[in-house]
Amino acid sequence: MTEYAFARAKREALEAVRRALGEPVDLPVVLPPAEVNADLAIPCFPLAAQRRKSPPEIAGDLARAIQPGPTFAAAEATGGYLNLTLARPAFASSVMSELIRLGDRYGSNAEGAGRTVVIDFSAPNVAKPMSVGHLRSTIIGAALYKLHGFSGYRLVGDNHLGDWGTQFGALLHAYSMWLDGDAYEQDPIAELLRLYVKFEEEAGKDPSLRDRAREWSLRLERGDPDARRLWEEFVRHSMAEFQRTYDLLEVSFDHTLGESFYEDKTREVIEQAVARGIAVEDEGALIIRLDNAGITTPVLLRRRDGATLYHTRDLATAIYRIRTFRPARILYVVGSDQRLHFRQLFAALRELGFGDVEYVHVDFGLVRLPEGRMSTRRGRVVFLQDVLEEAIERARALVDEKNPELPDSERESVARIVGVGAIKYADLSQSRIKNIVFDWNRMLSLEGDSAPYLQYTYVRARGIIRKAGDAPPAEPFDARAAASAQEWALIKHLSRFPEAVHDATHTYFPHVVANYLFQLAQLFHTFYHEIPVLQAEDEDLRRSRQHLVGGAATVMRTGLDLLGIRVPERM
RNA sequence: GGGCCCGUAGCUCAACGGAUAGAGCAAAGGGUUUCUAACCCUUAGGCUGGGGGUUCGAGUCCCUCCGGGCCCGCCA
């Protein structure tokens with residue numbers, strides 16, 4: 001497997017220290033703060049106690065022991081830190097040739113080779129429009145999908161539609177009572193939403209409606225043709241509606257196997273649990289106790305009335321995935337309000353003998369409105385489609401203003417790329433753990449720390465390359481193109497892209513990549529402002545700077561692609 | 001009542017246990033005859049919710065209190 005220049009430098013730094021000490025110590029290798037004139041630093045404090053020497057003494061000894069060589073040009077001690085300065089020409093040239101050689105594969109690795117990851121994401125509920133709440137799972141899941149692909153995993157993206165359960169009983173009943181045929185004809189999902197809200201209102205006044213809903217629910221489960229036909233119609237209408245949103249988001253799935261797909265697979269789960277002796281009757285229901293795993297709330301496999309529950313279906317789903325895809329890892333990109341549910345699910349799977357799969361609940365905070373939690377039932381909800389359309393509209397207004405000379409069709413496509421990118425970036429640029437209070441202006445921001453800022457970086461870089469006529473990259477890389485602070489900072493940052501990708505994949509935090517790219521954008525804009533490329537003093541320098549610009553463009557495009565964000569050539 | 005998560009500049013957020021905690025927005029000022037100003041450069045802004053502890057070193061780990069969010073067998 002390839003070791004990138006930055007990782008190699010860190011490894012060599014440690015090895016140099018080990019050689020100097022004559023023993024295999026393990027120390028952190030960190031980046032010195034900006035005001036320190038060095039490229040890597042090793043804190044020597046942990047060595048002090050055992051050696052009965054002060055950290056500055058040890059750092060000083062090490063600095064003297066490490067002679068300038070092909071990797072490090074200088075070593076010096078500042079306080080308890082050993083500060084190392086990279087040999088610029090060699091390092092710059094390594095980074096640049098990696099970039100040329102790998103192109104848009106730069107940053108990728110083969111860690112996942114031969115392993116399969118199943119990613120369960122998006123999973124909207126049928127018969128309801130997607131709200132901005134569903135955006136998170138969809139976008140975080142899509143990013144993790146690409147990130148794992150970049151690490152060589154075989155990928156299975158599965159949209160686990162909420163197309164089953166008691167809510168369909170309510171909907172079927174409401175449909176039978178209050179359907180407005182014309183409205184349904186016009187916009188089926190809007191009418192189904194109205195029916196759902198209506199049912200909740202009426203059931204609040206007359207609880208016996210819940211019994212009607214249960215009856216419909218039972219008819220559906222038993223395969224009653226009328227109930228079944230309507231349900232299939234609801235699913236079909238919903239899928240068509242979802243597809244419009246997925247098209248805009250440019251998200252796709254390898255499978256869309258909703259909960260209903262597993263309905264006939266729950267019996268085997270129950271039998272297996274009973275056979276293994278882990279399922280027990282309790283108050284008429286069938287449960288799995290998880291006290292051994294430190295979980296006091298048991299999993300419910302079967303209700304008193306014989307119906308299965310979502311836990312049962314989730315178990316059947318996991319088992320089906322394990323048998324069908326043989327995954328090393330299954331990711332569930334689902335909100336943190338379901339943490340307990342997944343702890344239970346994973347513990348139950350281990351009890352059932354499926355313990356050799358790595359299960360991860362990639363949880364994220366809720367999207368709330370300023371006035372409180374979103375509630376479809378109470379009409380307090382922001383629809384995803386509306387947000388996307390508004391974003392594209394705002395982006396279009398801006399393109400029209402900034403670049404009226406672009407052809408109409410290009411302005412349209414730029415508006416889409418920028419608008420949708422802004423939405424995705426607003427979500428992916430912050431840690432997924434925290435709750436988000438939805439704010440139109442914040443989510444649709446097109447300046448500062450936002451997708452367009454990063455896209456504009458690419459556009460500027462591409463502008464230079466285009467004007468230069470796409471000349472082949474300069475090799476060897478001219479050392480003078482790493483001489484200024486701006487150039488050197490940019491090169492060093494480019495060298496850290498593989499690490500950012502790696503960290504994001506391992507922690508399931510796409511924002512690590514987003515933050516990396518934002519920094520890249522800042523460094524590039526500063527570079528762009530102060531370092532002439534096309535007007536460089538001579539041909540060698542010009543071509544090497546051009547090469548650097550090209551590398552920044554490639555990394556920006558690759559990184560944004562991993563986040564599911566596209567780049568325009570002009571904007 | 002029990003459990004989990006969050007609390008960092010006015011606002012929204014970053015920060016593998018490492019040096020003087022950084023950005024964006026908002027505020028004040030400056031920059032375009034030179035590769036796209038959706039940009040760049042200044043300035044100002046902090047007891048990292050409070051209090052204890054562990055560590056050479058804590059925004060980060062542990063305990064506790066306060067504030068907010070979420071969850072706690074017959075919904076998903």
Side-chain angles (χ1 to χ4, degrees), chain A residues 28-36 41-49 54-55 78-81 83 123 125 162 164-167 259 282-289 295-305 307 309-311 313-314 335-341 343-344 363 365-366 368 373 395 398-399 401-403 418 426 429-431 433-437 439 441-442 445-453 455-457 459-468 499 503 507 511-512 514-515 518-519 521-522 524-526 528-535 545-546 549 570-571:
Chain A
V29 182
V30 300
L31 296 183
E35 58 277 8
V36 172
I42 296 181
C44 299
F45 309 96
L47 303 174
S54 73
T78 313
Y81 289 88
N83 288 322
N125 292 318
W164 203 252
T166 46
Q167 78 269 22
E259 291 177 67
D282 190 79
E283 298 173 29
L286 189 69
I287 65 169
I288 300 177
R289 291 196 206 282
I295 301 169
T296 51
T297 314
V299 159
L300 260 89
L301 288 181
R302 199 173 58 209
R303 251 169 21 195
R304 196 182 329 215
D305 66 4
L309 291 113
Y310 75 123
H311 257 133
R313 289 193 287 276
D314 270 6
S336 48
D337 52 344
Q338 299 204 35
R339 281 180 75 115
L340 176 60
H341 169 71
R343 277 184 63 214
Q344 292 175 291
D363 62 327
L366 268 60
R368 304 174 47 236
R373 197 174 179 165
L398 202 56
V399 185
E401 175 201 322
K402 304 262 184 194
N403 241 329
V418 169
S429 62
Q430 58 186 295
S431 167
I433 295 298
K434 298 185 183 182
N435 291 343
I436 292 179
V437 176
D439 178 274
N441 289 328
R442 199 176 125 57
S445 164
L446 302 176
E447 57 176 41
D449 187 3
S450 67
Y453 179 77
Q455 290 163 326
Y456 186 52
T457 307
V459 164
R460 280 181 140 183
R462 285 294 302 155
I464 292 174
I465 304 296
R466 249 197 325 274
K467 286 215 172 172
E499 188 180 74
D503 290 352
T507 56
H511 82 284
V512 171
N515 290 351
F518 178 60
Q519 260 182 60
Q522 287 183 309
F524 182 81
H525 283 304
T526 302
Y528 181 94
H529 193 258
E530 293 178 29
I531 309 292
V533 177
L534 298 176
Q535 311 289 331
R545 280 188 184 155
Q546 203 178 301
V549 169
R570 302 185 287 183
M571 64 191 279

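All values reported here derive from a predicted model rather than from experimental measurement. Proteins come first, then strands; the chains are lettered A, B, ... in the order of their sequence lines, and each starts at number 1. Excluded from the calculations below are hydrogen atoms, water molecules and symmetry mates; all remaining heavy atoms, backbone and side chain alike, are included.
Distances shorter than 4.0 Å separate none of the side-chain N or O atoms of A/Tyr456 from OP1 or OP2 on B/rC40. Using a 4.0 Å cut-off, no side-chain N or O of A/Arg368 falls inside it from OP1 or OP2 of B/rG68. Side-chain N/O atoms of A/Thr526 include one lying less than 4.0 angstrom from OP1 or OP2 on B/rC41. Contact check, A/Arg373 against B/rC71: a side-chain N or O comes under 4.0 Å of OP1 or OP2. The side chain of A/Arg343 contributes no N or O atom lying less than 4.0 Å from OP1 or OP2 of B/rG3.
Distance noted for atom C1' between B/rU12 and B/rG7: 14 Å (whole Å).
Taking A/His311 as the reference, A/His341 meet the ring pair (Phe, Tyr, Trp, His ring centres under 6.0 Å) condition, with sequence neighbours excluded.
Applying the Watson-Crick and G-U wobble criteria (two distances, each under 3.5 Å), B/rA19 pairs with nothing in any strand. Under the Watson-Crick and G-U wobble criteria, each requiring two contacts below 3.5 Å, nucleotide B/rC61 is paired to B/rG53. A 3.5 Å limit on both hydrogen-bonding distances identifies no Watson-Crick or G-U partner for B/rU36.
Residue A/Leu366 has its side chain nearest to B/rC70 when only B/rC39, B/rC70, B/rC5 are considered. The A/His525 side chain lies nearest to B/rC39 when the options are B/rA19, B/rG18, B/rC39. Looking at the side chain of A/Asp337, the nearest of the listed nucleotides B/rC71, B/rG18, B/rC35 is B/rC71. Residue A/His529 has its side chain nearest to B/rG31 when only B/rC5, B/rG31, B/rC71 are considered. The side chain of A/Val36 sits closest to B/rA19 out of B/rA19, B/rC35, B/rC75.
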Under 3.5 Å between N/O atoms: give me all the protein pairs with nucleotides 8-14 of chain B, atom names plus distance.
| residue | atom | partner | partner atom | Å |
| --- | --- | --- | --- | --- |
| B/rU12 | O2' | A/Arg442 | NE | 2.8 |
| B/rU12 | O2' | A/Arg442 | NH1 | 2.5 |
| B/rU12 | O2' | A/Arg442 | NH2 | 2.6 |
| B/rA14 | OP1 | A/Ser431 | N | 2.5 |
| B/rA14 | OP2 | A/Lys434 | NZ | 2.8 |
| B/rA14 | O2' | A/Asn515 | ND2 | 3.0 |

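Nucleic acid contact class of A/Glu259 (heavy atoms, under 4.0 Å, all strands): sugar-phosphate only. Counting non-hydrogen atoms under 4.0 angstrom, A/Ala285 reaches a base of the nucleic acid. A/Asn403 comes within 4.0 angstrom of a nucleotide base, judged by non-hydrogen atoms across all strands.
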